[in-house]
Amino acid sequence: MAPMRLRFAPSPTGALHIGGARTALFNWLLARHNEGVLLLRIEDTDRERSTPENVSQILDALQWLELDWDEGPVFQSEREERHREVLQALLQGGHAYRSNATAEDVAAYKRLYGAERGFRGEATAGDRKDGAVRLHVPDGESTVVHDVVRGDTRFDHVHLDDPVIARADGSVLYNFAVAIDDLDAQITHVVRGEDHLSNTPKQLLVLRAARALGIGAETPEPVYAHLPLLHGPDGKKLSKRHGAASVQELRDAGFLASAVRNYLALLGWGAGDDATFLTTPELIERFTLERVSRSPARFDQVKLRWLDGLHVRELPVPELSDRLLEFLQLTDPEAAVAAAADRGLLEGAVAISQEKIQTLADFWPLARLFFVGVAEDRAARERWLGEPGIASVREARTELATIERFDLPAISAALEGLVQRQGVKPREVYQPLRVALAGTAVSPGIFETIELLGREETLRRIDATLVG
RNA sequence: GCCGCCAUCGUCUAGGGGACUAGGACGCCGCCCUCUCACGGCGGUAACACGGGUUCGAAUCCCGUUGGCGGUACCA
């Protein structure tokens, strides 16, 4: 059996949005699940908006998501010659024609014939070469789109305008380019957002006109699958307003790529049982088009945070440390330098912070005390370092200075003993100590923190507190 | 306006005529654990948009209404 051939075809009009990322992911999962081929095609026929910066943004986003492709990237703009060739064939074969009709003409037509009749242009007389190229839509017929997730949808031609497939200057438009490019690339499955469902009959019409002329006649029509759209938490179209709307923003907010893949896969697709935490190999193993749903989903960052926490906890410490370093380099270069200075310390801090963070962004506020010293938090000092707090820290210092081996069991035994002897609540001892060592009221476990800091540094910070 | 798609807890979803007094997850609330923050455990809150059919029986099938979204560009 011929391999499944899929494509992801973003238009570089800005950052890769979450919806686009989801489409890329589904194509990728499908390709990997079926051992097929994934083609990356950049749809840059819109010269105004397609900039090199936008292209690299998309490539960066895919790379970060760890979604690779097997062929391409193919730039649609580089296929101009082929497009003109097929366009000529369509023109000569009588499937398309030049029309001088302007937008105003079309509007006038609709006023005249009512909104239920699609626009049919007049072919420009003689051999004049000006005017846009329109595809001839056969009247009185209809085109049925067979869609794997939606079933059959019939589009009656009466309602369809003869679509403009090329500008007056001969450059082709989206619905033409897509059909020809998919045909030439022998794409077997077109998987994309539902916003393209209404475009599909036009593309099918282009495809069939070309095939009628013998162009790609041996290539079967692709199978279509239109994915439900993604909306913001308010049900409206996803935008910056909703927080992170692009892959870059997700990365900068400290999410793990594996968690983003996991979460995105759950939007419009379900494993069937109640599996929620799914590793990427599991996603590949279980993903099928048949389980894609038809209704739109909302992007909810709260659930993504939860899922990210699960993925953080699954990562081996060395790997999580690498991710953390990458993240800090991106968002806080100074912190990155400090964190990278001592690998052992970094991994120690990561190990005792791992189950307390949900995203990479949560790490530094919790563990900065190991790398850049005591923080300035007035409220924490006032709350915990009053008379009794200071007294308690002084007691703790004596304990910590005298234990033999400065390790976790000894430290916890010493401090627990102190709590018992003083007959106070544990927090009355631990919180002042925490503020003395971290400067803040939040840190990893106090015993673990002290052990990692080491006796010398622990006592030094305590002394600084007692003096100050 | 016209054409089309969609419609189960606040959110993601399971469900595809009787197994549904509708299941799971996130969130939220309460309790437990507890040195902070988290994690974890237990319990709770909460939905079949509405109206007609079809059927012995409908969340599941059909029609309509409403709502949301998409398309209707010499954008993609």
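Below, chain A is the first sequence line, B the second, and so on; all start at residue 1.
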*Which letters describe nucleotides 31-42 of chain B, given B = protein heavy atom under 4.0 Å from base, S = only from sugar-phosphate, - = neither?*
----BBBBS---

_N/O donor-acceptor pair, side chain A/D274 with base B/rG23, under 3.5 angstrom_ = yes

*Can you tell me which residue pairs pass the salt bridge (Lys or Arg N to Asp or Glu O under 4.0 Å) test with a partner in residues 372-388 of chain A, sequence neighbours excluded?*
A/R378-A/E382

Run the side-chain donor-acceptor check on residues 302-311 of chain A: report pairs under 3.5 Å with partners two or more places apart or on a different chain.
residue	atom	partner	partner atom	Å
A/R305	NH2	A/D362	OD2	3.3
A/D308	OD1	A/L256	N	2.7
A/H311	ND1	A/S258	OG	3.0
A/H311	NE2	A/N262	OD1	2.9

*asked:* Could you identify the nucleotide paired to B/rA14, looking across every strand shown and requiring Watson-Crick or G-U wobble geometry with both distances under 3.5 Å?
replied: none

*If pairing requires Watson-Crick or G-U wobble contacts with both distances under 3.5 Å, which nucleotide is the partner of B/rC42?*
B/rG30

_Who pairs with B/rU36 - Watson-Crick or G-U, where each distance is under 3.5 Å_ = none

*asked:* What's the gap between B/rC50 and B/rA7 when it is taken at their P atoms, as a whole Å value?
replied: 15 Å

*Paired nucleotide for B/rU21 [Watson-Crick or G-U wobble; both distances under 3.5 Å]*: none

*Describe the nucleic acid contact of A/S171 in one word from base, sugar-phosphate, nothing, applying a heavy-atom distance below 4.0 Å.*
nothing

_Partner nucleotide of B/rG57 by Watson-Crick or wobble geometry (both distances under 3.5 Å)_ = none

*Partner of B/rU65 by Watson-Crick or G-U wobble geometry, both contacts under 3.5 Å, or none?*
B/rA49

